Amino acid sequence: MIRTHDVVIVGGGLVGASLAIALDGLPLDVALVEATPPAELPAVFDQRNLSLAAASVNALSALGVMGELRAPTGPIRRIQVSRAGDFGSVRLEAADYGREAFGQVVVARDFGEALEARLSRLPRLTRYRPARFVALDGDDGEARGLRLATADGELRLRARLLAAADGTRSALREALGIPVRHHDYGQTLFVARVHGERAPDGTAWERFTDSGPTALLPRGDRSYGVVHGVPTAQAAAVAALDEAGWLARVQDAFGWRAGRFLRAGERSAYPIASAIAEALVAPRAVLLGNAAQTIHPVGAQGFNLGLRDALTLAEALRARAGDPGAAELLAHHAQRRREDRERTIAFSDGLARTTANPSPLLRPLRSLGLLAADRAGWLQSWLVGGAMGFRGDVPELCR
């Protein structure tokens with residue numbers, strides 16, 4: 001017999017797991033399709049640093065995820081932005097807006113363990129793992145069929161609503177026939193933990209150069225999370241650097257704002273390209289997170305945007321009893337996500353392209369922009385609202 005679920009979430013990473021937790025307590029039969037076996041975490045839960053915006057922290061606290069974190073988080077109490085070769089800088093203070101912090105820095109692996117702790121206590125959630133989406137298998141008007149590859153062979157399911165949270169190269173999105181716009185930024189980001197002679201004081205720095213951004217994030221373990229962008233053509237050479245060479249390179253790109261960097265942890269490299277789906281919904285299906293939009297990580301907007309996708313969908317399912325895959329429900333979800341999604345994509349892409357452009361003609365314009373952002377109250381408020389995740393129609397749990 002082919003089992004029918006109300007909601008089948010394909011992808012057990014950051015966004016898929018968050019959606020499953022957000023749907024807990026609703027009168028829905030929910031299933032989560034995960035590529036990794038029970039004893040493992042998905043590869044996305046590595047040593048990367050997640051900058052959780054205040055809106056995300058609010059929601060994840062309400063869902064019980066933040067309370068499961070075993071390692072301390074790093075509060076972002078101020079943000080400082082500058083660009084090499086341009087004059088001016090932007091400094092944003094959370095205290096100026098009546099906030100203790102703009103957000104929190106969490107290590108991805110710690111966050112993955114917290115999500116797993118919450119998932120393990122959802123009594124009604126069905127977890128198919130390890131399992132991989134293979135193909136769609138018809139639509140009878142009431143549910144969509146799908147096929148999974150499992151350790152025991154092929155498994156067939158029916159879903160009244162399919163949620164694609166299976167990442168940038170989403171197999172489900174491809175099966176739905178939703179086209180995607182791609183852009184290669186020609187950059188590779190190196191991520192690592194570094195220890196400096198000064199402990200973090202809550203400042204998150206973003207330093208732009210012609211080669212890409214270098215960010216320094218305050219972790220909760222008294223070290224920093226470094227994100228260092230290099231031209232992809234130089235990635236192999238940077239990967240081959242020893243610890244001393246790597247620290248010297250980061251020090252040169254970032255300067256001495258946090259003092260001397262003393263030692264570094266393991267480096268990971270991620271080529272940067274965007275993938276923007278041209279539609280968020282299809283009959284009885286919805287795209288979430290990186291399956292819907294993979295954006296440049298400048299400004300740390302990607303996961304926060306994807307979490308708001310998941311929470312908005314959960315809110316719609318909570319508010320509207322009946323068919324979870326109804327066309328009007330999905331159309332309403334897509335409409336609610338439009339402003340936040342379009343503005344965040346435009347901000348991240350525009351910032352990445354403008355700050356990496358070496359043209360001398362852009363330098364005075366960028367410098368004026370930095371000065372304006374530092375001095376104009378309305379512009380700072382707009383930037384702060386975006387950084388904290390309060391952009392557009394925000395889900396209730398985020399407020």
Side-chain angles (χ1 to χ4, degrees), residues 11-22 24 32 34-77 100-122 125 127 129 165 167 189-196 199-204 215-228 263-270 289-290 297 300-308 310-311 388-389 397-398:
L14 297 161
V15 173
S18 297
L19 175 61
I21 295 167
D24 182 42
L32 183 62
E34 304 169 74
T36 52
E40 298 180 15
L41 287 176
V44 69
F45 297 125
D46 55 16
Q47 288 301 311
R48 274 177 285 191
N49 307 286
L50 301 175
S51 293
L52 302 181
S56 297
V57 173
N58 290 346
L60 293 166
S61 297
L63 293 174
V65 177
M66 297 301 289
E68 295 288 349
L69 286 168
R70 292 182 292 179
T73 63
I76 300 175
R77 297 191 174 94
E100 182 181 346
F102 291 125
Q104 301 285 333
V105 177
V106 180
V107 178
R109 183 167 186 82
D110 298 338
F111 187 64
E113 291 173 348
L115 286 172
E116 176 56 35
R118 282 290 290 121
L119 287 172
S120 68
R121 293 203 300 273
L122 302 184
L125 176 67
R127 303 178 73 176
R129 54 178 181 164
L189 291 190
F190 285 85
V191 177
R193 180 176 62 171
V194 300
H195 292 271
D201 65 354
T203 302
L216 199 65
L217 304 173
R219 290 170 47 129
D221 58 1
R222 297 180 60 81
S223 62
Y224 295 95
V226 167
V227 181
H228 177 54
R263 60 187 187 277
E266 182 181 353
R267 273 165 274 163
S268 299
Y270 305 93
N290 283 347
Q301 296 290 308
F303 168 63
N304 294 291
L305 180 63
L307 179 62
R308 296 195 294 272
L311 296 175
M388 296 178 67
L397 282 180
C398 291

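None of these values were measured; they are calculated from a predicted model.
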With the side chain counted from C-beta on, respond yes when [X] and [Y] share a heavy-atom pair under 4.5 Å apart, and no when they do not.
X    : Y    : result
V107 : Q47  : yes
L125 : D24  : no
L52  : M66  : yes
V106 : L69  : yes
F111 : L60  : yes
D221 : R193 : yes
N49  : R219 : yes
V194 : S223 : no

Take E116 and R127 through the test salt bridge (Lys or Arg N to Asp or Glu O under 4.0 Å) and record every step on the way to the result. CA-CA 12 Å; E116 176 56 35; R127 303 178 73 176; 2.8 Å; yes
Closest heavy-atom pair and its distance - [X], [Y]:
X    : Y    : answer
Y270 : R48  : OH-NE, 3.3 Å
E34  : G12  : CG-CA, 4.0 Å
A310 : V15  : CB-CG1, 4.0 Å
A117 : S120 : O-OG, 2.8 Å
P42  : T36  : CA-CG2, 3.7 Å
P218 : P75  : CG-O, 3.6 Å

Enclosure of R121 CZ (heavy-atom neighbours >12, cutoff 6.0 Å):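 Yes, the 6.0 Å shell around CZ holds more than 12 heavy atoms from other groups.
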Does [X] reach the main-chain N or O of [Y] with its side chain, forming a donor-acceptor pair under 3.5 Å?
X    : Y    : result
N58  : C398 : yes
R118 : L63  : yes
S18  : L14  : yes
N304 : A53  : yes

First locate atom [atom1] of [X], then atom [atom2] of [Y], and finally report the distance between them rounded to the nearest 0.5 Å.
X    : Y    : atom1 : atom2 : value
L216 : H228 : CG    : NE2   : 12.0 Å
E113 : L115 : CD    : CG    : 10.5 Å
R109 : L50  : CZ    : CG    : 13.0 Å
R308 : S56  : CZ    : OG    : 6.0 Å

Audit row: R70, D110, side-chain contact (heavy atoms from CB on, under 4.5 Å) steps and yes/no: CA-CA 7 Å; R70 292 182 292 179; D110 298 338; over 6 Å; no
Which one of V191, L189, V227 satisfies the side-chain contact (heavy atoms from CB on, under 4.5 Å) criterion with P297?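 The option that passes is L189.
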